[in-house]
Number of protein chains: 2
Amino acid sequence: MKIGIDAMGGDNAPSSVIEGVAIYLAQNSQDNVVLFGNKSVIEKECVDRIKDLSRVEIVDCKEKIEFDDEPVKAIRQKKDSSIVVGLQYLKEKQIDAFVSAGSTGALMAGGLLIVGRIKGIDRPALTTKLPYKSGQYLLIDVGSNTDCRPINILQFAQMATVYVSKVLGKNNPTVGLLNIGTEETKGNELSKQSYEILKNAKNINFVGNVEARDLPFSPPDIVVCDGFVGNIVLKLTEGFGLLFFDILKDIAKLSLKAKIGGLLLKPYLKNLKGKYDYKEVGGAPLLGIDGIIIKCHGSSDGQAIFNGINQAKAFYENNVLELLKEEITAESEV
Amino acid sequence: MKIGIDAMGGDNAPSSVIEGVAIYLAQNSQDNVVLFGNKSVIEKECVDRIKDLSRVEIVDCKEKIEFDDEPVKAIRQKKDSSIVVGLQYLKEKQIDAFVSAGSTGALMAGGLLIVGRIKGIDRPALTTKLPYKSGQYLLIDVGSNTDCRPINILQFAQMATVYVSKVLGKNNPTVGLLNIGTEETKGNELSKQSYEILKNAKNINFVGNVEARDLPFSPPDIVVCDGFVGNIVLKLTEGFGLLFFDILKDIAKLSLKAKIGGLLLKPYLKNLKGKYDYKEVGGAPLLGIDGIIIKCHGSSDGQAIFNGINQAKAFYENNVLELLKEEITAESEV
């Protein structure tokens with residue numbers, strides 16, 4: 001397969017992006033990549049890191065979309081940016097997937113305006129795995145739709161169900177609606193109306209409301225909510241992951257006794273750190289776009305980019321796009 | 001002062017409530033309490049715990065509002081419940097404050113229908129202190145208004161400012177709007193419109209948007225949001241607090257080395273546990289009602305009830321209700 005990568009996206013680009021690409025190419029001898037961005041800078045970064053440069057194509061792009069650019073405006077005006085050109089390649093099927101650690105808003109806007117939606121999908125959504133005590137659950141939407149209607153919440157649940165069963169390999173995944181109480185009547189207008197629709201929906205295994213208190217311990221396989229609430233849950237989870245280790249580090253400084261205690265626990269905490277580290281989670285697929293787009297964290301390092309590319313590969317090899325189309329079409333025909 | 005207490009509210013009532021009342025009375029020799037609930041049951045609980053029963057008045061109430069009762073209906077129909085009778089006493093100034101660990105929705109509905117709002121306030125709001133790395137911040141609203149308008153967000157900020165400066169003793173507290181990005185243009189419709197109003201508001205020290213990732217490390221003194229989002233943040237914070245200690249407990253079981261490490265850290269973790277324990281936080285005042293109502297956590301133990309009563313006392317002694325009225329009137333005259 002041929003994977004397109006935004007070499008300019010993210011806080012540590014292009015260096016971290018090329019590092020991730022290098023790890024990927026070393027482990028996947030059959031695949032090629034297309035890098036979008038400033039050619040001369042990318043070439044310099046590639047020379048020392050990538051052995052077989054024949055598997056790397058570079059498409060020179062003179063512009064770059066910044067994190068504070070207004071998304072729709074940026075997509076319309078920065079025609080020669082790595083995101084716009086990359087998505088154009090995706091639309092024309094010159095690449096099989098597009099991976100970027102750049103602006104979420106621009107990727108969403110570009111996905112809609114350049115690549116287009118899957119027929120029947122009202123709003124595409126960004127989804128990501130989040131850690132809980134004994135595993136990971138999928139949260140959707142994590143930030144692409146700040147104001148939603150109940151039909152959006154339903155479609156998020158349907159798309160996530162296909163993704164979890166086909167890419168993550170968990171059959172008949174449970175779906176919970178993030179809410180402020182477990183009772184059917186709890187919540188805001190959106191959650192009350194969404195509950196009604198989810199309860200009666202086919203093709204999803206709806207298990208009712210889920211409270212935020214239960215997310216760290218026993219979430220369903222899929223948790224649905226609007227992108228505003230989802231983004232807050234995502235970032236608070238990240239914040240508490242960091243706080244946990246920060247607190248332990250501070251305690252270890254308090255006395256010799258505490259230091260020894262900390263050292264004894266260190267090997268056990270190391271595993272845990274990986275689990276609560278966004279870098280390990282990899283990319284977030286933008287479900288509902290008629291093409292494979294994986295968004296990596298803005299502060300991605302090489303490992304995070306590598307994980308994002310791997311996710312694009314799994315998405316492609318499991319034929320998820322076709323399955324999503326079938327599922328959504330079947331649903332609208334009912 | 002005379003504090004009214006819902007003896008039937010909460011998962012562990014009336015036992016935990018009476019326990020909290022007993023601690024309070026032992027420490028505050030000048031104050032009296034009025035307990036609302038099933039008289040014979042309450043009397044039995046009081047006998048062994050409270051020395052000077054002359055400071056305790058019991059108002060017999062035959063009904064009880066349950067957590068899954070529809071709030072407005074419960075207030076209208078259960079006329080002889082501890083919440084309805086207690087709020088009636090508050091309205092008639094037979095008590096100076098009312099403390100309850102019962103249904104949040106019923107307290108909010110009863111506050112509005114029986115006691116009434118402070119003139120000029122559109123929607124009262126529940127607020128509580130939450131822990132972060134080096135202190136506590138105030139979150140408002142934490143669950144009483146699931147769908148808000150920008151004017152509500154502004155009034156939450158104004159009321160919280162009075163509360164933090166007068167009860168919690170922090171002058172000119174900073175106010176941040178919980179959002180999914182720090183830029184002014186980020187967020188959903190509510191947060192974008194609220195930003196505009198907050199930016200131009202007098203009487204508050206608005207410092208812009210705050211992201212959820214920063215809440216565990218460096219929040220402003222006051223964080224405002226709608227009650228749906230606030231309740232999710234509150235419960236996720238609670239969940240992660242529990243998870244932290246749960247994880248360490250599990251690790252300590254893995255080997256002798258880990259067990260010793262855990263034991264060495266234990267004294268330092270103990271302080272921390274209190275900080276992330278909702279029981280220590282005490283009650284959440286319902287700001288904007290024309291009377292002092294403090295809501296305690298549904299699973300409150302005696303210590304949590306005690307902290308809630310203390311908060312009611314501080315609220316009363318600092319004359320916060322009058323200050324709120326002045327502030328809101330002054331604001332609407334501008």
Side-chain angles (χ1 to χ4, degrees), chain A residues 67-68 70 105 132-133 143 146-147 178-181 183 185-192 211-217 225-229 231-244 246-248 250-252 254-255 257-269 272, chain B residues 67-68 70 105 132-133 143 146-147 178-181 183 185-192 211-217 225-229 231-244 246-248 250-252 254-255 257-269 272:
Chain A
F67 278 103
D68 52 359
E70 201 284 305
Y132 73 96
K133 201 187 163 196
T146 52
D147 291 279
L178 185 58
N179 206 338
I180 62 171
E183 304 86 352
T185 53
K186 284 286 167 80
N188 56 14
E189 281 312 310
L190 175 66
S191 57
K192 281 185 236 172
E211 285 204 81
R213 191 190 288 120
D214 297 323
L215 293 181
F217 291 96
C225 58
D226 72 57
F228 187 85
V229 170
N231 193 270
I232 292 206
V233 169
L234 168 74
K235 287 179 180 161
L236 201 54
T237 302
E238 249 182 66
F240 278 112
L242 293 170
L243 180 70
F244 185 96
D246 205 60
I247 285 176
L248 290 176
D250 283 358
I251 286 179
L254 291 176
S255 74
K257 200 174 119 183
K259 192 174 179 171
I260 296 170
L263 283 172
L264 289 171
L265 289 184
K266 207 170 179 180
Y268 305 98
L269 291 170
L272 206 69
Chain B
F67 278 103
D68 53 0
E70 201 284 307
Y132 73 95
K133 201 189 162 194
T146 51
D147 291 279
L178 184 58
N179 207 338
I180 61 171
E183 304 86 353
T185 53
K186 283 286 167 81
N188 56 13
E189 281 312 311
L190 176 66
S191 57
K192 282 185 236 173
E211 286 205 80
R213 192 189 289 120
D214 297 324
L215 293 181
F217 291 96
C225 58
D226 72 57
F228 186 85
V229 171
N231 193 271
I232 294 216
V233 169
L234 168 74
K235 287 179 180 161
L236 201 54
T237 302
E238 250 181 66
F240 278 112
L242 294 170
L243 180 69
F244 185 95
D246 205 60
I247 285 176
L248 289 177
D250 283 358
I251 286 179
L254 291 178
S255 74
K257 200 174 119 182
K259 192 174 180 172
I260 297 170
L263 283 172
L264 290 172
L265 289 184
K266 207 171 180 180
Y268 305 96
L269 292 170
L272 205 70

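In what follows, chains carry the letters A, B, and so on, assigned in the order in which the sequence lines appear, proteins first and then strands, with residues in each chain numbered from 1.
The closest donor-acceptor contact from the side chain of A:Asn188 to the backbone of B:Phe228 lies at 3.5 Å or more, if one exists at all.
In terms of non-hydrogen atom pairs under 4.5 Å with chain B, the most contact-rich of A:Asp226, A:Ile180, A:Ile247, A:Asn231 is A:Ile180. Between chain A and the options B:Leu234, B:Leu242, B:Thr185, the largest number of non-hydrogen pairs under 4.5 Å is found for B:Leu242. Between chain A and the residues B:Ile251, B:Leu243, B:Ile260, the most heavy-atom pairs under 4.5 angstrom are made by B:Leu243. The candidate with the highest count of non-hydrogen atom pairs below 4.5 Å against chain A, out of B:Asp250, B:Asp246, B:Asp68, is B:Asp246. Ranked by non-hydrogen atom pairs under 4.5 Å with chain B, the options A:Leu248, A:Asp214, A:Thr146 are led by A:Thr146. Per-residue counts of heavy-atom pairs under 4.5 Å with chain B were compared for A:Ala212, A:Gly105, A:Gly241; the largest is that of A:Ala212.
Between B:Thr237 and A:Leu236 there is a side-chain heavy-atom pair separated by less than 4.5 Å. The closest side-chain heavy-atom distance from A:Ile232 to B:Val229 is below 4.5 Å.
Atoms CZ and CZ, from B:Phe240 and A:Phe217 in turn, are 9.0 Å apart once rounded to the nearest 0.5 Å. Between the CG atom in B:Asp147 and the OG atom in A:Ser191 there is a gap of 8.0 Å [rounded to 0.5 Å]. Between the CG atom in A:Leu215 and the NZ atom in B:Lys235 there is a gap of 11.0 Å [rounded to 0.5 Å]. Distance check: A:Phe67 CZ to B:Glu183 CD gives 10.0 Å after rounding to the nearest 0.5 Å.
Residue B:Leu263 does not touch chain A at all, counting heavy-atom pairs closer than 4.5 Å. Both the backbone and the side chain of B:Glu189 come within less than 4.5 Å of a heavy atom of chain A.
Sparse packing is recorded around NZ of A:Lys259, with 12 or fewer heavy atoms of other residues, nucleotides or ligands lying under 6.0 Å away.
Taking both residues in full, the closest heavy atoms of B:Pro216 and A:Gly239 are given as CG-C, 3.8 Å, listed atom of the first, atom of the second, then distance.
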